[in-house]
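First comes the structure, then the notes that go with it.
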Amino acid sequence: MWGSGELISKLAVLLLLASCLKLSLAQQRGKWVPLLNNSGVSAMHTILTHTNKVIIFDQTTAGPSEIMRTDPPCNENPESEAEDCTAHSVEYDIATDSVRPLHILTDTWCSSGSFDSDGLLVQTGGWSTGEKVIRNFKPCDDSICDWVETSTTLARKRWYSSDQILPDGRIIIVGGRATFSYEFVPKQPGESVFRLPFLADTNTVGEQNNLYPFTHLSSDGNLFIFANKDSILLDYNKNNVVRTFPTMPGGGARNYPSTGSSVMLPLDPANDFQTVEILVCGGAPDGAFKQADQDEIFVDALKSCGRIVITSENPEWRMEDMPGPRVMGDMLILPTGEILIINGAKEGTAGFQSARKPALSPLLYRPEEDLGNRFTVLAASKIPRMYHSTANVLPDGRVFVGGSNSNGRYRFSGVFFPTELRLEAYIPYYLDSSFNSMRPNITLLSTREIKYGTQFTLVFSVATLQNIEFNAYAPPFTTHSWSMNQRFLWLDAASKVADQATDGSYSVKVTAPPSAVAAPSGYYLFRVVNGGIPSSAEWIRFIQ
């Protein structure tokens, strides 16, 4: 027998399914809309800031971009290939669909990034002039902020490494090409680097396949690290591997250049945010990079996905297949808690000119559905998004999509996949106008600076009230099909939803996560979900 709460939840799901059935097939699959025909810069790296701007940048050694710098003089550093008087970073304004050129000096090719607890973008490493550099970008509303290259440097070269914010507010930087270690930003006095033999053990000779390792902060404060096809749980404070997980079945590799992707599935207050389940999808067979790079043979990518509950007593991978093969697919958690797999190719691997057959149709993955019923093929884009493509969830629920430069430099003709400067948005099914009566609108938050474990009051309006849920989402730094620091939490209501009879709105108290282990301090997108239909988001910040 269902409890009353579970019964309400089940009925809400049935109502949502009934509503979806009223949509045409095209509406269910979503649609694509153009944003900009020329962003000026290829979107190799992207991140959404709490000022509702998207920071976009590529490698500074890619040659002249299509947007001029506005901060003369040029050639500030004559020894740097980066100084060509064009911008290699822009700020995209969501509200105006416009870009503003930014100035970034050292080479950010295949670098990494994370927000700190104050919303400062801390961006690390890269190639050549950028390999040990720490850069900062402080988001602003007045369009005068720009990149600052700090005098503090990394202890090791970090090219294709991964960054993760930690409960104490520091950022851990893991791995990199021929760099089998990790370090922190900022460092404690006397601190340097920490060896991590796991990264050497997962390094495939001639291919690596352990670059941009997948890192997820677990519910015990330790760090889950996945590289190639293996994974560990690291106590980074003691430099001790506390758990080794089974090898992921299905053959092949999952990290760059055999680039799959990974998310941590939404955390649930029903188990006090303690159960942590990881999803890994796509990749390429062993040897695929060599075949593509040396012989121009492009083998089918992997179509398998694996899920593992890393907090279980006996964790095991549970495997399933996507509708087709995919390499270089970006994985994003949508406002509904569903997973979007977007961009990429069906053959080959990551790397310049190393893939064929673009995967134009995104996939929707519903984690709570039965095995075999989880995937839906969505509406196809007309733009191939291959190597150096990105995607980010926007506050209004659209998915921002950009990038693709499979050629090393800016080339617009005479190649299989020209450098791509167009920006577009994928519009998921839940934004269809047929759901407008179910779509909540947040009208008041009692506070936007929310301490752990406290309650805050929310007022929202909606025409048709159904099953109400709340969530918080940490927007990721996205590059090379890896969305670092992406985190999604369902939040508990601390009171019943109360009808505000005077204006037809509703109020409710919501409980913040219990600690910085559950949700590291920083900015999150907060949403109300009514019968499966999400509101636009409001920015909140979890603090100690």
Side-chain angles (χ1 to χ4, degrees), residues 50 114-120 122 162-174 182 184-186 188 214-225 232-240 242-243 262-278 309-313 315 333 337 445-458 469-477 483-495 508-528 537-544:
H50 66 273
S114 171
F115 285 124
D116 72 5
S117 58
D118 294 323
L120 176 75
V122 179
S162 293
D163 294 3
Q164 172 70 52
I165 189 171
L166 300 172
D168 65 2
R170 297 203 297 166
I171 296 166
I172 186 171
I173 307 168
V174 180
Y182 62 93
F184 299 92
V185 175
Q188 296 175 349
F214 305 143
T215 54
H216 299 285
L217 180 66
S218 188
S219 54
D220 60 0
N222 292 319
L223 190 68
F224 174 84
I225 304 174
I232 59 172
L233 193 64
L234 175 71
D235 182 342
Y236 46 82
N237 289 313
K238 298 179 179 178
N239 191 27
N240 181 39
V242 297
R243 198 168 198 182
S262 175
V263 294
M264 181 170 68
L265 296 181
L267 298 174
D268 194 336
N271 52 55
D272 200 26
F273 305 104
Q274 291 302 299
T275 300
V276 176
E277 187 168 12
I278 306 299
V309 179
I310 65 172
T311 50
S312 72
E313 187 173 340
I333 309 174
L445 286 170
S446 60
T447 179
R448 294 175 186 267
E449 300 271 317
I450 302 166
K451 292 186 177 181
Y452 293 110
T454 64
Q455 299 172 5
F456 59 100
T457 300
L458 159 72
E469 299 173 289
F470 315 96
N471 63 56
Y473 175 74
F477 178 92
S483 292
M484 307 175 196
N485 291 284
Q486 182 172 218
R487 201 173 191 86
F488 185 108
L489 303 93
W490 292 109
L491 301 179
D492 258 339
S495 68
V508 64
K509 290 184 181 296
V510 179
T511 302
S515 71
V517 174
S521 181
Y523 285 92
Y524 289 72
L525 290 170
F526 173 77
R527 286 186 172 89
V528 181
E538 295 289 334
W539 288 100
I540 60 174
R541 183 171 170 236
F542 294 132
I543 59 175
Q544 297 284 0

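Heavy atoms only: backbone and side chains are in, while hydrogens, waters and symmetry mates are out.
- Within the 4.5 Å cutoff, the side chain of Tyr182 has heavy atoms near those of the Tyr236 side chain.
- Separating the NZ atom in Lys509 from the OG1 atom in Thr454 is a distance of 10.5 Å, to the nearest 0.5 Å.
- No donor-acceptor distance shorter than 3.5 angstrom exists from the side chain of Arg487 to the backbone of Met264, with no hydrogens or angles considered.
- The closest donor-acceptor contact from the side chain of Tyr524 to the backbone of Asn471 lies at 3.5 Å or more, if one exists at all.
- Note that CD1 of Ile232 is 9.5 Å distant from CZ of Phe224, once rounded to the nearest 0.5 Å.
- Put simply, the side chain of Glu469 never gets that close to the backbone of Trp490: no donor and acceptor are under 3.5 Å apart.
- The closest side-chain heavy-atom distance from Phe526 to Ile450 is not below 4.5 Å.
- Checking side-chain atoms of Arg541 against main-chain N and O of Gly119 turns up no donor-acceptor pair under 3.5 Å.
- Not a single donor-acceptor pair under 3.5 Å links the side chain of Ser117 to the backbone N or O of Ser521.
- The distance between the ring centers of Phe470 and Phe456 does not fall below 6.0 angstrom.
- Residues Leu223 and Val174 are in side-chain contact: their nearest non-hydrogen atoms beyond the backbone lie under 4.5 Å apart.
- We find the OH-CD1 distance between Tyr452 and Ile543 to be 9.0 Å, quoted to the nearest 0.5 Å.
- To the nearest 0.5 Å, atoms CD1 (Ile172) and CD1 (Ile225) are separated by 6.0 Å.
- For Ser218 against Val276, the heavy-atom pair with the smallest separation is OG-CG2, 4.0 Å.
- Under a 3.5 Å cut-off, the side chain of Asn271 and the backbone N or O of Gln274 do form a donor-acceptor pair.
- Put simply, CG on Asn485 and NE2 on His216 are 10.5 Å apart, with the number rounded to the nearest 0.5 Å.
- In terms of modelled atom types and a separation under 3.5 Å, the side chain of Asp235 and the main chain of Asn237 share a donor-acceptor contact.
- Shortest non-hydrogen contact noted between Gly337 and Pro266 is O-CG, 3.7 Å.
- Across Gly221 and Leu217, no two heavy atoms sit closer than the pair O-CD1, 3.5 Å.
- Between Ile165 atom CD1 and Arg170 atom CZ the span is 12.0 Å, to the nearest 0.5 Å.
- For the side-chain contact (heavy atoms from CB on, under 4.5 Å) criterion with Ser495, the lone passing option out of Val508, Thr457, Val510 is Val508.
- Annotation: side chain of Leu233 is in contact with side chain of Asp220 (closest heavy-atom distance under 4.5 Å).
- The side-chain heavy atoms of Ser114 and Gln164, taken from C-beta on, include no pair separated by under 4.5 Å.
- Residues Ser219 and Thr311 share a closest heavy-atom pair of OG-CG2, 3.5 Å.
- At a threshold of 4.5 Å between non-hydrogen side-chain atoms, the residues Leu445 and Ile540 count as touching.
- Ring geometry for Tyr523 against His50 counts as parallel: the plane angle stays under 30°, on a 0 to 90° scale with 60° as the upper cut.
- No side-chain heavy atom of Val263 sits less than 4.5 Å from a side-chain heavy atom of Phe488.
- Contact record, Thr275 with Val309: CG2-CG1, 3.9 Å, taken as the closest heavy-atom pair.
- Summarising the geometry of Phe542 relative to Ala519, their closest heavy-atom pair is CD1-CB, 4.0 Å, with the distance given to 0.1 Å.
- In this structure the side chain of Phe115 never reaches within 4.5 angstrom of the side chain of Pro520, judged on heavy atoms.
- Although no hydrogens or angles enter the test, the distance criterion places no donor-acceptor pair under 3.5 Å between the side chain of Asp163 and the main chain of Ile171.
- For the pair Asp118 (side chain) and Leu120 (backbone), a donor-acceptor distance under 3.5 Å is absent.
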